[in-house]
Amino acid sequence: EEQRSILLQSSSRFPPPKGTKLSYGTAGFRADASILQSTVFRIGILAALRSLKTGGAVIGLMITASHNKVSDNGIKVADPSGGMLTQDWEPFADSIANAPDPESLVKLITEFAKKENIPLDGAKAAVLLGRDTRPSGESLVEAANKGICSVVGAVAIDMGIVTTPELHWMVRARNKGLKATELHYFDQLSTSFRCLIDLIPEKSGDNHHPIGKLVVDCSNGVGGEKLQVLKEKLNAFLHLEIRNSDVGIRCASLDGDADRFVYFTLTSNGDNNKINLVDGDKILSLFALFIKQQLSILNQDVGVGVGVVQTAYANGASTKYLNDLGLKVVFTPTGVKYLHGKAEEYDIGIYFEANGHGTVLFSDHFLSWLDGIKNEPCSGLEKQNAAKRLLAVANLMNQAVGDALSGLLLVEAILQHMGWSLDKWNQLYHDLPSRQLKVKVADRSAVVTTNAETSVEKPPGLQEAITALTSKYPQGRCFVRPSGTEDVVRVYAEAKTQEEADELADSVAKIVQ
Ligand code: NG1
């Protein structure tokens, strides 16, 4: 009863916006920040309930809209493992976000708590709060805090301005009883990076190029101030320049909450600058190649279960390259929650979305095997070093979620290890020309897909039409899917030439409209 009246009272201070229906999409809720107070308050309650349900484990709640415009904001929940909120709670998130008044909200919460056996008796619960640099973040954190504290026994711990991956990392570390502050995060990243650099074999031959300076564009987001900390720790090992946007020799670019990154170079011919994008598929390929090499040194290139996870947006040329390396490539729908879950099934699971979100996961079993080799002098120095390198990769790469800062350091370490320029890396394979379009439709949920979003189930007839158009183009590939973060249907097409990819995407966009 006490709990009920607290919830009624506090939620009456956060009325929901009229006339908008929110849904928990590919990356939580996103909308104009001005209408999110009530959603954030309510998801604060959800996070506290999730903590109670998981026996008091720490839950994460991140206020960010990533790469969206600065006036937007959003909210994502991290489960005790540091991964995304379990999908079977998403319908509850939707229903409480859209409850019209305090009575119906409290009714939904009470029923859900009963169904899930969540103790509402003052048991302890904890939620870690984080936000990016958006100005709206501060007041939204306050709303989340109110939501959390309206669950009796729950406390909110405000971590301030952090990257999304940092918050996920902290949630995971706390629940594992590991050191979990931001200082520990930076320590772990810089130590394992230095370890990889120390383990680079003596340079031989003319293949090695000094790899020069890296310029990082931080999108005026949270990544800039965090990368500055790493730069200071790594000055002697990595020549790094941090800018909001600029051009340079070898450039990397982070998104607003630093959970994604890509590389690029600029070539200028006359007045025109051309951007050569080195995307998530190529980052994935570089990581896969390095890991494969270390496994060969360990004579384990077939015995270890390595899984590479991509989505339908992966360029066909990357999938071919990975298959040719002898790796197993599997596909999931778009959205980190799907890729991460799949990657967890392997000894080493490497996943990346083409847009630069991904990481490398290691199973506990495999890590102890590596530890054994590292500590066994009879293995021989080469094998011990290969094991050390893979252990350093496991420490460097965020095990909770894709992380631009750790990913960037692994790219840099591998380029130094190989003695490769960015161009050399970019030559691993050549992308097939592709085109992505967005189509505004009346109701994007009318499009229902299957087979990791590669084919359309509904409306009837649409897939047949897409197949017929695609078959006209050599090496043609095309699919459509409703976006989970924007009110559009996305069209992706690939073909042998840019003109053909454009034509195919255009013609399919017309029949989707
Ligand atoms: P949607 O809007 O569902 O396509 C986009 C990206 C995802 C992912 C999420 C989260 C594409 C095609 N889609 O999802 O990969 O990054 O945003 O931010 O890039």
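Remember, it's 1-based here, ligands and their atoms both numbered in the order they're listed. Computation of the quantities below employed the complete heavy-atom set of this structure, encompassing side-chain atoms and omitting hydrogens, waters and symmetry-equivalent molecules.
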Heavy-atom distances under 4.0 Å are what count here, so tell me which part of [X] touches ligand 1: side chain, backbone, both or neither.
| X | result |
| --- | --- |
| Ser483 | both |
| Thr485 | both |
| Lys438 | neither |
| Tyr492 | neither |

Tell me whether ligand 1 is touched by His357 - counting only heavy atoms on the residue side and a distance under 4.0 Å.
no
Taking a cutoff of less than 4.0 Å between a non-hydrogen atom of the residue and any ligand atom, is Arg30 in contact with ligand 1?
yes
In ligand 1, which numbered atoms sit nearer than 4.0 Å to a non-hydrogen atom of [X]?
| X | value |
| --- | --- |
| Ala27 | 10 (C) |
| Tyr313 | 12 (C) |
| Gly484 | 1 (P), 2 (O), 3 (O) |
| Glu353 | 7 (C), 8 (C), 15 (O), 16 (O) |
| Arg490 | 1 (P), 2 (O), 4 (O), 12 (C) |
| Arg481 | 1 (P), 3 (O), 4 (O) |

Salt-bridge criterion met for [X] and [Y] (N-O under 4.0 Å):
| X | Y | result |
| --- | --- | --- |
| Lys226 | Glu182 | yes |
| Asp72 | Arg30 | no |
| Glu116 | Arg50 | no |
| Arg435 | Glu499 | no |
| Asp257 | Arg134 | no |

Determine whether the aromatic ring centres of residues Phe287 and Phe352 are separated by less than 6.0 angstrom.
yes
Name the orientation class of the two ring planes belonging to Tyr313 and Phe479 (parallel below 30°, tilted from 30 to 60°, perpendicular beyond 60°).
perpendicular
